[in-house]
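Some notes on the structure that comes next.
In this text the structure is predicted, and so the values were computed from the model without any measurement.
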Protein chains: 2
Amino acid sequence: MVDRPRRPIPEATVARLPVYARSLGELTRDGVATISSEQLAELAGVNAAKVRKDLSYLGSYGTRGVGYDVEYLLYQMSRELGLTQDRPVAIVGMGNLGHALANYHGFSDRGFVVAALIDADPTKVGERMGELVVRSIAELPAVVAEHQIAIGVIATPAAVAQDVADRLVDAGVRSILNFASAMISVPPDVSLRVVDLAVELQILSFYQQRGKVTLAAVPDPMRSPEGSTVVEADDGPTAVTAAAVARS
Amino acid sequence: MVDRPRRPIPEATVARLPVYARSLGELTRDGVATISSEQLAELAGVNAAKVRKDLSYLGSYGTRGVGYDVEYLLYQMSRELGLTQDRPVAIVGMGNLGHALANYHGFSDRGFVVAALIDADPTKVGERMGELVVRSIAELPAVVAEHQIAIGVIATPAAVAQDVADRLVDAGVRSILNFASAMISVPPDVSLRVVDLAVELQILSFYQQRGKVTLAAVPDPMRSPEGSTVVEADDGPTAVTAAAVARS
DNA sequence: ACCTGTGAACCCCTTCACAGCG
DNA sequence: CGCTGTGAAGGGGTTCACAGGT
């Protein structure tokens, strides 16, 4: 309806938008009406120039001499991030991590609903977790269709991660968040993000091994507070086109 | 003892080393003796040129016309990552995520030992989890000293994340992995990595919102398989110098 | 013949610095 | 006078392409 996204937003910027959105949400709750790039930078842990550049990709929503209207900026950002309506998420793999994610209440406040839980283990299928019942992996296509699943979260052992990814893709899921310690390949039209806990620790281990170092990391796009040694490669973070990774 | 790290290793490369190490570990288990940059690239989900550049920062461990000796390369890489001896990790915050992390067995195989569990809730302190007993946050300095904690993992609510970080730093911990949805500031000599689950989902949401996109992400340094739309900004991951983020 | 190691080109992102507007 | 929005400069990382060993 409004002006459509004009120019392509850089990947690095996209990775920071959620961080700004989080800060803006807190400001809204605190009743703050207006904020400068300098102040927002402080809250998000980046520098002011970066904030202004990033926000400029969304449009000219600031007022010179004043700053940004918190509520309006948050609205525009949420729209850009597709958070104006809740997106249904399916979690596959009800081990320790899957359980934790299923019970994590941080999602509901931030634009997502855990709409389905899935496992391959027959002894786990049927188990009740809050409002949900664990469904069988065999039912995946039905579950995805039924709940209009937008994002699939893989929390299975590494050995079956690729198989699960394939099933998610076949079922029509086009966004995947992979927590398994395995590289998975998806078609070029599927978005994939990767979080490997052991990898995070190993990166920290590297820098500990030496003297201090200066890194930068926020959602791989995720740099941390400027100034401290935020070791988030960015690889941060971490978006890659799946096309190149042909199925081995 | 051996030749010390010659030139500084780029942050982006550091974030990928753990991914290579993971692949090399699998190759070792499969009894593969030698591997080319092309093959390793396939396994790690990056391109061959990048693999060669990255490995060249470690030294000249390959053989022209042949490739790399898997075991030797893995040894050198582990040494560089400081994984030759296990590093003790403390998890602070025994909620859903803290529990999951405490029970996650992927750490022990990859160079880390969960050596201590900590919570502020008196009803949780004393609780037994596997071989460990949950200790009070008040005991943090003693626990850190006792177990020589190298890395602190924050799995608390966002509201107390900064306080926990301050306590960890005061206790002498110089590497922190933050799972809380809050920006935290640490001194410049402390390494910080950030993983925010909601942020990851929101990044995926952005790309879903539009047509497909091409991203790149491995530990923000974490890009995914080349070719697919790996939406990991890299940003990977995500290392920043804390100094800049003065305590507000 | 093959594959590594690397200088050089290229590209993206960050940072600077200031013009432009309120 | 203040703060945004942005062209331009600067830096880092990726990719190319080939020289150099085996």
Task: Test log, rule side chain to side chain contact (heavy atoms under 4.5 Å, CB included), inputs A/Leu58 and A/Ile9 - done: CA-CA 8 Å; A/Leu58 302 179; A/Ile9 302 183; 4.0 Å; yes
Open item on the list: Taking CD in B/Glu26 as the centre, count heavy atoms belonging to other residues, nucleotides or ligands within less than 6.0 Å. Is the count above 12?
Closed with: yes
Open item on the list: Rounded to whole Å, please give me the gap between CG in A/Leu73 and P in D/dG5.
Closed with: 9 Å
Open item on the list: How many whole angstroms separate atom CG of B/Leu40 from atom C1' of C/dC3?
Closed with: 14 Å
Task: DNA chain D-proximal residues of residues 64-71 of chain B, any heavy atom under 4.0 Å - done: B/Arg64, B/Gly65
Task: Option from A/Lys53, A/Arg52, A/Glu42 for which side-chain hydrogen bond (donor to acceptor under 3.5 Å, both in side chains) with A/Ser37 holds - done: A/Arg52
Open item on the list: We want to know whether A/Arg110 and B/Ser181 form a side-chain donor-acceptor pair, criterion being a heavy-atom distance below 3.5 angstrom.
Closed with: yes
- [ ] For A/Asn178, check side chain to side chain donor-acceptor pair (under 3.5 Å) against everything at least two apart and list the hits.
- [x] none
Task: Interatomic distance where CG belongs to A/Leu55 and C1' belongs to D/dG5 [whole Å] - done: 10 Å
- [ ] Answer yes or no: does a side-chain N or O of B/Arg16 lie under 4.0 Å from OP1 or OP2 of D/dT14?
- [x] yes
Task: Nearest-nucleotide pick for A/Ser36, side chain only, options being D/dC3, D/dG5, D/dG13 - done: D/dC3
TODO: Examine C/dT15: is either OP1 or OP2 under 4.0 Å from a nitrogen or oxygen in the side chain of A/Asn47? Give yes or no.
DONE: yes
Task: Interatomic distance where CG belongs to A/Asp54 and C1' belongs to C/dC13 [whole Å] - done: 10 Å
- [ ] Round to the nearest Å and state the distance from B/Tyr61 atom OH to D/dT22 atom P.
- [x] 17 Å
- [ ] Please state how far atom CD in A/Glu38 lies from atom P in D/dG2, giving the value in whole angstrom units.
- [x] 13 Å
TODO: With the side chain of A/Glu11 defined as its heavy atoms from C-beta on, choose the nearest nucleotide among D/dG13, C/dC13, D/dT15.
DONE: C/dC13
Task: Short N-O contact, B/Arg210 and A/Glu80, less than 4.0 angstrom - done: yes
- [ ] Find the distance A/Ile9:CD1 to C/dT14:P and express it as a whole number of Å.
- [x] 14 Å
Task: B/Thr63 or B/Lys53, whichever maps to the more 5' nucleotide of DNA chain C - done: B/Thr63
Task: Among D/dT14, C/dT14, D/dT15, the nucleotide that comes nearest once only the side chain of A/Ala12 is considered - done: C/dT14
TODO: Could you check B/Ile154, B/Val186, B/Leu177 and say which one makes a side chain to side chain contact (heavy atoms under 4.5 Å, CB included) with B/Leu192?
DONE: B/Val186
Open item on the list: Expressed as a whole number of angstroms, how long is the span from B/Arg52:CZ to D/dA17:P?
Closed with: 13 Å
Task: Base of C/dT15 paired with side chain of A/Lys50 (donor-acceptor, under 3.5 Å) - done: no
